[in-house]
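Values in this document were obtained by computation on a predicted structure and should not be read as measured data.
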Amino acid sequence: RYIGISAPTGSGKSIIAMIAAGLTNNCTRVLTHTKGLQDQLMDDFSMSGLVDIRGQNNYTCNLETGGRTLSVDNAPCHDGMRCHLKERGCTYYDQLRLARKSSKTVTNYAAWMALENYAPETSQLNASLLVCDEASTAFSAMEGFLSFNMSEAFLSELEIDMPVRCDNWEWDRWVNWFQMSTPFRNLENQKSSSLIKEWETKKTLILTSKKPWAVDESPTGYTFTPLWMDAYKKMLFRNVPKVILMSADLTPKDCYLLGIKPEELEWYDMESSFPPENTPITHIKSVRVHYKMKDEDKSLWSSRIDQLLAHRPDQKIIVFPVSYTNADYIATHTRFRGRTMTHKRTNAFQTIRQFQHARAPRVLISPAATMGYNFPGDQARVIVIAKVPWPSTQSKVFKARKAEDKEYEHHIIAKQLVQSCGRGTRYPDDYCEVFIMDDTIGWWWKKYAHLTPSWFQERYQGTLEQIPLCPLNRS
């Protein structure tokens, strides 16, 4: 039923999806992680009959609302009002009808799961083939869809008291609280009706859960998150008879985390059209980088990065430090301040864009440019992984997952490492050196390299004591 494809950048995932749709000659639904990827697919394949559908917040309500502009997700029909435009004239439902009739539809994970699990059957997208693009993000997409925040303001409107001193409640006690709590039902109030519906959805998720969820305190209340997605596998895959999962960084581990059993999965590793020698990934002997580093180790770490900058004086370089604390340290201790660019969280987008358009030599020190940004050609010829990207482990949900799955934490590291290393090589003739300046990679690679795609493993060169004097040049 399930086909997993590790499809590196440039392997034509979009074309694979469209060919598969043509071969089945039945209803194919393509899921993407972002609206930007939906736009890209529509630009490429709308002429072949591909139809786009998104969440209701992307469509404007055409009903007269006293001069206010409302998106469909905030329209009066959600508060119990019967709307004649649903049959014809609604921007959302008109597009949904087109999507249901089409043999090829593209949508995003959140919109798909909302339609398939909470919409009437007449609004669901029937599918014979489901193509999950960027499938390595499906776990987080499901987590985002299922998780919810229960704020004091929300409970107050329902006249339900927020539980007191519940930070350390066991899961059974939370289940009991949901069972015993009943909202005030003023059905004459349309807003109250909508709130009650939202409460019942949350309550049903908790009461029907076969396994405990993690409960983390948030600034406004409590966030409820399922530990694993295997119990909710059907919310994503429904009863679709054939499912293709594709991503550049997809591994069998991603599929297993979605509840797919090994015997249900047929796996393919595609060869990369990018020559491995165009993206050599090399560990340069330095120090083990961690938050308890001694001052002398920090100084050595910073000086090793400076040595690399000195050996690449005419190029554009990106340094990935993982945290803003590390970024500040590198930026304030480098000998090359005239070349460096840094940013805060508030101006990350603007600074990264400035770097992309800047002329060499430039050095961007950024914890934020690891995903969602590309640096083709001369925009980046060197990437420095200043620290192995260890994730934050403070939340209760992460601690619980780590306790139950010893590889989970390293699975996340592998994902972030692959994403970071791939920012600078974006087409077959492109080239970019990658240097890892954290000795942690030595033991980590020996133990967990199998969590990275095979095409990525081909690029890893091992450890060097000295920085290569000659920069990579494929011109």
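Residues Asp52 and Lys104 are not paired through a salt bridge, judged by the lack of any N-O separation under 4.0 Å between the basic side chain and the carboxylate. By the 4.0 Å N-to-carboxylate-O rule, Glu264 lies close enough to Lys233 to be salt-bridged with it. Taking 4.0 Å as the cut-off between side-chain N and carboxylate O, Arg312 and Asp314 do not count as a salt-bridged pair. The pair Lys344-Asp328 counts as a salt bridge, with a side-chain nitrogen and a carboxylate oxygen less than 4.0 angstrom apart. The pair Arg401-Glu143 meets the salt-bridge criterion, with a side-chain N (NZ, NE, NH1 or NH2) lying under 4.0 Å from an Asp/Glu carboxylate O. The existence of a salt bridge linking Asp230 and Lys211 is confirmed by a sub-4.0 Å separation between a basic side-chain nitrogen and an acidic carboxylate oxygen. The residues Glu409 and Lys402 are annotated as salt-bridged, a charged nitrogen and a carboxylate oxygen being separated by less than 4.0 angstrom.
Within the 3.5 Å criterion, the main-chain N or O of Thr204 finds a donor-acceptor partner in the side chain of Thr208. In terms of modelled atom types and a separation under 3.5 Å, the side chain of Asp438 and the main chain of Thr440 share a donor-acceptor contact. No donor-acceptor pair under 3.5 Å is formed between the side chain of Asp297 and the backbone N or O of Val289. Arg304 places a side-chain N or O within 3.5 Å of a backbone atom of Lys285 that can act as its donor or acceptor partner. Judged purely by atom type and a 3.5 angstrom limit, Arg423 uses its side chain to pair as donor or acceptor with the backbone of Tyr373. Judged by distance alone, with hydrogens and angles left aside, the side-chain atoms of Arg100 form a donor-acceptor pair with the main-chain N or O of Gln124 at under 3.5 Å.
Proximity of Trp444 to Trp390: side-chain heavy atoms (C-beta onward) are separated by under 4.5 Å at one or more points. Residues Lys242 and Ile3 have side chains in contact (heavy-atom distance under 4.5 Å, counting atoms from C-beta outward). At a threshold of 4.5 Å between non-hydrogen side-chain atoms, the residues Ile436 and Ile281 count as touching.
Between Val363 and the options Val384, Ile318, Val319, a side chain to side chain contact (heavy atoms under 4.5 Å, CB included) holds for only Val319. Across Arg54, Glu134, Gln38, His33, a single residue satisfies side-chain hydrogen bond (donor to acceptor under 3.5 Å, both in side chains) together with Asn108, and that is Gln38.
Ring centroids of Tyr2 and Phe237 are separated by less than 6.0 Å, placing the two rings close together. In this structure, the ring of Trp301 has its center no less than 6.0 angstrom from the ring center of His333. Ring pair Tyr408/Phe398: centre-to-centre distance below 6.0 Å. Aromatic pair Tyr222/Trp174: ring centres closer than 6.0 Å. Note: Phe145 and Tyr118 meet the aromatic proximity criterion, with ring centroids under 6.0 Å apart. Ring centroid separation for the pair Tyr324 and His343 comes in under the 6.0 Å cut-off.
Side-chain atoms of Asp430 and Thr425 include no donor-acceptor pair closer than 3.5 Å. Side chains of Arg29 and Asn126: no donor on one and acceptor on the other come within 3.5 Å. Using modelled atom types, one finds a donor on one side chain and an acceptor on the other under 3.5 Å when comparing Trp228 with Glu404. Between the side chains of Ser303 and Asp306, no donor-acceptor pair is found at a separation under 3.5 Å. Judged by distance alone, the side chains of Asn326 and Lys387 never bring a donor and an acceptor atom under 3.5 Å apart. In summary, the side chains of Ser136 and Ser247 do present a donor paired with an acceptor at a separation below 3.5 Å, with no hydrogens or angles considered. Side chains of Arg459 and Ser272: a donor-acceptor N/O pair is present below 3.5 angstrom, by distance only. Side-chain atoms of Asp405 and His411 include no donor-acceptor pair closer than 3.5 Å.
Within the model, atoms OG1 of Thr105 and CG of Leu115 stand 10.5 Å from one another, a figure rounded to the nearest 0.5 Å. Put simply, OH on Tyr59 and OG1 on Thr91 are 8.0 Å apart, with the number rounded to the nearest 0.5 Å. Between Leu41 atom CG and Ser14 atom OG the span is 4.5 Å, to the nearest 0.5 Å. Here Lys253 contributes atom NZ and Lys415 contributes atom NZ; the two are 11.0 Å apart, rounded to the nearest 0.5 Å. Going from atom CG of Leu451 over to atom CD of Glu407 covers 5.0 Å, rounded to the nearest 0.5 Å. Put simply, CG on Leu300 and OG on Ser286 are 5.0 Å apart, with the number rounded to the nearest 0.5 Å.
Annotation: cation-pi pair Lys316/Phe355 present, NZ/CZ under 6.0 Å from the ring centroid and within 45° of its normal.
Summarising the local packing, CG of Leu98 is surrounded by more than 12 heavy atoms from other residues, nucleotides or ligands at distances under 6.0 Å. In Gln350, the CD atom is crowded: over 12 heavy atoms of neighbouring residues, nucleotides or ligands sit closer than 6.0 Å.
In plain terms, the two heavy atoms of Ala21 and Leu129 that are nearest each other are N-CD2, 4.2 Å. Nearest heavy-atom pair, Ala135 versus Leu245, reported as atom, atom and distance to 0.1 Å: CB-CB, 3.7 Å. In terms of heavy atoms, Val30 sits closest to Ala17 at CG2-CB, 4.4 Å. Closest of all the heavy-atom pairs between Ser140 and Thr137 is OG-O, 2.9 Å. Across Thr34 and Thr32, no two heavy atoms sit closer than the pair O-OG1, 3.0 Å. Pairing each heavy atom of Val106 with each of Met42, the nearest pair is CG1-SD, 3.8 Å.
Under the 30°/60° scheme for interplanar angles, the aromatic rings of Trp443 and Tyr448 are found to stand perpendicular.
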